[in-house]
Amino acid sequence: MEERYNHQTIESKWQAEWAKEGLCRTPADQDRPKYYCLEMFPYPSGKLHMGHVRNYSIGDVVARFKRMTGHNVLHPMGYDAFGLPAENAAISHRVHPGEWTESNMAYMKQQLIELGTSYDWEREVATCRPDYYRWTQWLFLVLYRQGLAYKKKAAVNWCVGCNTVLANEQVEDGLCWRCGTQVTKKELEQWFFRITAYADRLLEDLSLLQGWPERVRTMQANWIGRSEGLELTFRTEDGDPIPVFTTRQDTIFGVSYIVLAPEHPLVAKLTAETEYEDEADRFVAKIRSMSDIDRTSTETEKEGIFIGAYATNPISGESVPIWIANYVLLDYGTGAVMGVPAHDQRDFEFARKYGLPLKVVIQPEGVELDPETMTAAHTEGGLMVNSGPFSGLSNEQGLERVADFAEKEGVGRRTINYRLRDWLVSRQRYWGAPIPIVYCEKCGTVPVPESELPVLLPPDVEFRPGGESPLARHEGFVKATCPTCGGPARRETDTMDTFICSSWYFLRYTTAGADRERAAFTRPATDYWMPVDQYIGGIEHAVLHLLYSRFITKALYDNGLIGVREPFTNLLTQGMVIKDGAKMSKSKGNVVSPEEIVGRYGADTARLFILFAAPPEKDLDWSDQGVEGAYRFLNRLWRLVTGLRETVRGAGRPDPSALTGREKELRRIVHRTIRKVGEDIGERFAFNTAISATMELVNAVYGYLDQVPGEQRNLELLGEAMEKLLLVLAPFAPHITEELWHQLGRADSIHLQLWPDYDPEVVKAEEVEIVIQINGKIKRRQLVPADLSADQLQETVLGDPDLAEELLGGKQLVKVIAVPNKLVNVVVR
RNA sequence: GCCGAAGUGGCGGAAUUGGCAGACGCGCUCGACUCAAAAUCGAGUUGGGUAGCCCCCAGUGCCGGUUCGAGUCCGGCCUUCGGCACCA
């Protein structure tokens, strides 16, 4: 009586067994090489989606493989548990965010267990629990002491939908990254992290991250946006300085006007009590009312007005008119630019529109630039002309010489500008880590002492739609005593951006047990486990989370709190899960729920399909039929092993010297599969081809059984084949392999076994089929002994007079190319 | 506009270093088993010519090049996707 593959009983049985045995606990001994395998932790939104399943299946295969290859593996999981959806749920369902989040976490944990993931749950973190956010607050204080956390009034990004401010990184195309609402500007006093102090190192150290995808590094480099140039000081007629930033100081003699950002502080002064005042006021008001998208879109028409004042060019001494225009931004560079219409496309368009003069000062070779007839700016290089003492230099030389001159004369200095802005970390929300600061009437801004952490979120708050932060209305929370003087004080009511919580969680995982109560993490623990060897997650975090985590890591390094400069050595950005040509989403109605798939086919099938259907970094097309295919394969495996179970159980090792040709061939496939799967997982993350190799092995064993009658079968060989097959499949399909492993009579877990070795001698074929080409065209195939040298190969093929005659066909032999084990190409004329 | 990636059968994909294009899976066709179906097993499945096989020709987005040999390298284009986009 054949028992059928029942995924439900098998999977729950082994999940319980593994939990009981503590199979996934992080090893305490430190004599083996460590491997820290980390997947981005989820936001506990309620249930896992297929993107999670993909992410965690990839990570789990890597973790299990590394355990089998003799590594101490740290493979932890947790929850990025603060954030807005919990608060929205509180408003609409009248349930406390904490309760809502905790129940979601419990549910998702169960789902993760049911997927057969091998996490060490003893190291679980949840960023919303006081035992975690206490240390997020501690981190804030570390940065505060370092001068990296500061408060300032600024025009900040405000999302009406979320009722809170956003960091620049959280504004995508002028819309809120979370809810898609258009972002507006608001003047507010807010907390910032001085990430710009690390701009250079964040950029420079990208070169250390060779294990990251090129495009992620490029995206970060673009985001940081470094440009080297010169800050030059023009002067108004009253002598007020107008510093401008330029990367093209070689075009300084081509300046025909200056443009200030409309918000520039000098604008009011320059226009006060002049005929230009009213018009300038109206223009500034109009620009202020524009949204950032309209303002910064290249589609938007350049607009500006002359404000009646003039400035002197510090190099040429020329006087040029001062304008204000929409395309100049206050918060980049100095908020003022020099207009060089002949050599900058923006300036060109602006000058043409307003009739400002063009002056050619860079002359390219071979073309005569005529200011009257130019249709676009010449932004390339050339020879400097009309440039006083600099005329005749190449523009590259000019860049240096003008900068030298400006510095010598004291009218300018070389400087570097970044697109990156400081990280706005205040949020006007309840469900986040409170910023550990109080404001005392006498002592001013006072950090809460570490001994008084955590600053707890009060549970009894009222959630109302659209209002201000519930914390600000909670009198018991706001009222505080000053830690310095003991006098009355007011508590900061902003909470921290949740990206702070997630920018250090990988450090928390390294530290276990009682140490966690004494510190956020310990130096020995981080010294052993950090950096993360493999980080796996979605590309959507290419800038946000990954940049913030790098910044925090560097800040902690500078404090001597950790010993690594970069947190993640290798990064794998997995593709999206697509169905019917679109990302799975509720609104498109193309969502397939993991629960349904795991329920119907089991976790092993879900994992196998999702890893087989596409390479991990590419988008994955969901296919119900493909899932069926994976399920069929596991059934095929089940029948194969259970069918042979009784006969191969207890069989010894095969005797290599006593194998028939067919047996040798099967054994060769077994050993090749071990090599292939090991290389595909360990070196390439090519899980799809690794799985296809195991399928080929299964096919080969069936082929052998088909061709060899029962009594003539080599049971030792079949036993070896079954054993190796299960071992190489174990990381992908942990339950069914464990069950079959035990059915073969093994007592301990398959997941405690070492990855099998392959025998290089067995892998080698005795004979190979080579291709014989004439002039690169395949003419015939031939079996020859393996590993013949090029000369031997040539001799084998052309040494046969009949064959040589047939191949040459009366033509003249020009040359022969022989590639061992591959081909012989005969070139004839 | 700039930067980056990709383009291979009906579909997902494979070909790892320039050396047999289409592994593996899905789908489809035919067959076996069955009263029948499902499941399972077997055979076939790039296009065209020939239509029994063999065999011949073409073929990896398009055009050209390098090479004995190109899906892979080089130049130019097309398309799709992703990122950035008045950054001075």
Side-chain angles (χ1 to χ4, degrees), chain A residues 4 172-173 213-223 225-227 229-231 244-248 251 259 261 295-302 325-329 331-340 344-347 349-350 417-420 539-540 542-543 575-576 578 608-609 612-615 617-630 632-633 635-636 639 676 679-680 683-684 686 688-699 702 706 769-778 780-781 814-828:
Chain A
R4 292 192 42 225
E172 296 168 349
D173 293 332
E214 169 87 40
R215 66 173 178 147
V216 174
R217 283 186 280 147
T218 306
M219 281 162 76
Q220 292 214 351
N222 287 343
W223 187 263
R226 180 183 202 268
S227 50
L230 188 70
E231 192 175 301
V244 301
F245 176 70
T246 180
T247 56
R248 289 300 303 275
T251 65
V259 193
R295 174 106 184 253
T296 59
S297 163
T298 37
E299 318 270 287
T300 307
E301 179 86 359
K302 290 171 185 30
N326 57 354
Y327 72 93
V328 178
L329 309 171
D331 60 356
Y332 182 78
T334 61
V337 303
M338 56 188 219
V340 188
D344 180 280
Q345 188 58 27
R346 287 176 312 248
D347 297 344
E349 287 164 27
F350 192 77
N417 254 297
Y418 298 94
R419 208 187 78 106
L420 182 72
I539 185 74
E540 66 273 18
V543 173
M576 286 188 300
I578 302 281
L608 199 71
F609 166 72
F612 177 63
E617 66 281 357
K618 285 184 68 171
D619 285 351
L620 181 150
D621 231 349
W622 185 267
S623 152
D624 291 331
Q625 281 147 344
V627 179
E628 296 266 2
R632 262 203 291 276
F633 169 67
N635 273 285
R636 212 165 132 76
R639 287 192 304 271
K676 167 86 176 152
E679 287 174 357
D680 278 358
E683 292 164 29
R684 304 204 300 146
N688 53 335
T689 52
I691 292 169
S692 76
T694 66
M695 290 173 169
E696 287 179 77
L697 175 54
V698 168
N699 291 345
Y702 270 112
D706 208 35
E769 189 183 65
I770 61 148
V771 167
I772 300 172
Q773 300 178 326
I774 302 290
N775 291 345
K777 289 219 180 261
I778 296 160
R780 54 154 71 209
R781 291 158 224 277
V814 179
K815 70 169 164 176
V816 179
I817 288 118
V819 182
N821 295 335
K822 293 259 172 58
L823 56 78
V824 174
N825 185 16
V826 183
V827 186
V828 299

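Below, read A as the first sequence line, B as the second, and so on, with proteins coming before strands; counting in each chain starts at 1.
One interatomic measurement links the two molecules: CD of A:E349 to P of B:C86, which rounds to 13 Å at whole-angstrom precision. For the pair A:R419 CZ and B:C86 C1', the computed distance is 12 Å after rounding to whole Å. When the P atom of B:C86 is taken as reference, atom CG of A:D347 falls 15 Å away, rounded to whole Å. If you take CD1 of A:I539 and P of B:G82, they are 12 Å apart, rounded to a whole angstrom.
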**Q.** Pairing string, 5' to 3', for RNA chain B - Watson-Crick or wobble contacts under 3.5 Å, brackets [ ] where pairs cross, | to another strand
**A.** (((((((..(((......[....)))((((((.......))))))((((.....))))..(((((..]....))))))))))))....
Taking only nitrogen or oxygen atoms into account, show me every contact under 3.5 Å that the protein makes with nucleotides 15-22 of chain B, one pair per line with its distance.
residue: B:A15; atom: OP1; partner: A:R684; partner atom: NH1; Å: 3.3
residue: B:A15; atom: OP1; partner: A:R684; partner atom: NH2; Å: 3.2
residue: B:U16; atom: O4; partner: A:K676; partner atom: NZ; Å: 2.3
residue: B:G19; atom: N2; partner: A:Q773; partner atom: OE1; Å: 3.3
residue: B:C20; atom: O2; partner: A:R781; partner atom: NH1; Å: 2.3

Taking N or O atoms only and anything under 3.5 Å, show me the protein contacts with nucleotides 39-43 of chain B, one pair per line.
residue: B:U40; atom: O3'; partner: A:R639; partner atom: NH2; Å: 3.0
residue: B:C41; atom: OP1; partner: A:R636; partner atom: NH1; Å: 2.8
residue: B:C41; atom: OP1; partner: A:R639; partner atom: NH2; Å: 3.2

Grab the N/O contacts between the protein and nucleotides 70-74 of chain B below 3.5 Å, and write none if there aren't any.
none

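Taking the side chain to side chain donor-acceptor pair (under 3.5 Å) definition, one finds that A:D680 meets it with A:K676, A:R684, A:T689, sequence neighbours left out. Annotation: side chain to side chain donor-acceptor pair (under 3.5 Å) contacts of A:D331 (sequence neighbours excluded): A:R421. Partners of A:N222 according to the side-chain contact (heavy atoms from CB on, under 4.5 Å) rule, which considers only residues two or more places apart in sequence or in another chain, are A:T218. Considering only residues two or more places apart in sequence or on other chains, A:V819 meets the side-chain contact (heavy atoms from CB on, under 4.5 Å) condition with A:I817, A:K822, A:L823. Applying the salt bridge (charged side-chain N to carboxylate O under 4.0 Å, His left out) test to A:D619 and every residue at least two apart in sequence or in another chain returns nothing. Here A:E628 pairs with A:Y601 under the side chain to side chain donor-acceptor pair (under 3.5 Å) rule; sequence neighbours left out. Residues that satisfy the side-chain contact (heavy atoms from CB on, under 4.5 Å) test with A:V337, not counting sequence neighbours, are A:V259, A:V328. When the salt bridge (charged side-chain N to carboxylate O under 4.0 Å, His left out) test is applied to A:R226, the partners found at least two apart in sequence or on another chain are A:D200, A:E228.
Listed pair A:K815 / B:C68 meets the phosphate criterion, a side-chain N or O lying under 4.0 Å from OP1 or OP2.
Residue-level contact check: A:D619 touches the backbone only, with heavy atoms under 4.0 Å from sugar-phosphate atoms and none from bases.
Rounded to the nearest Å, the gap between the P atom of B:U60 and that of B:C20 is 15 Å.
Each of A:A613 and A:K777 was matched to the nucleotide of RNA chain B holding its nearest heavy atom; the match closer to the 5' end belongs to A:A613.
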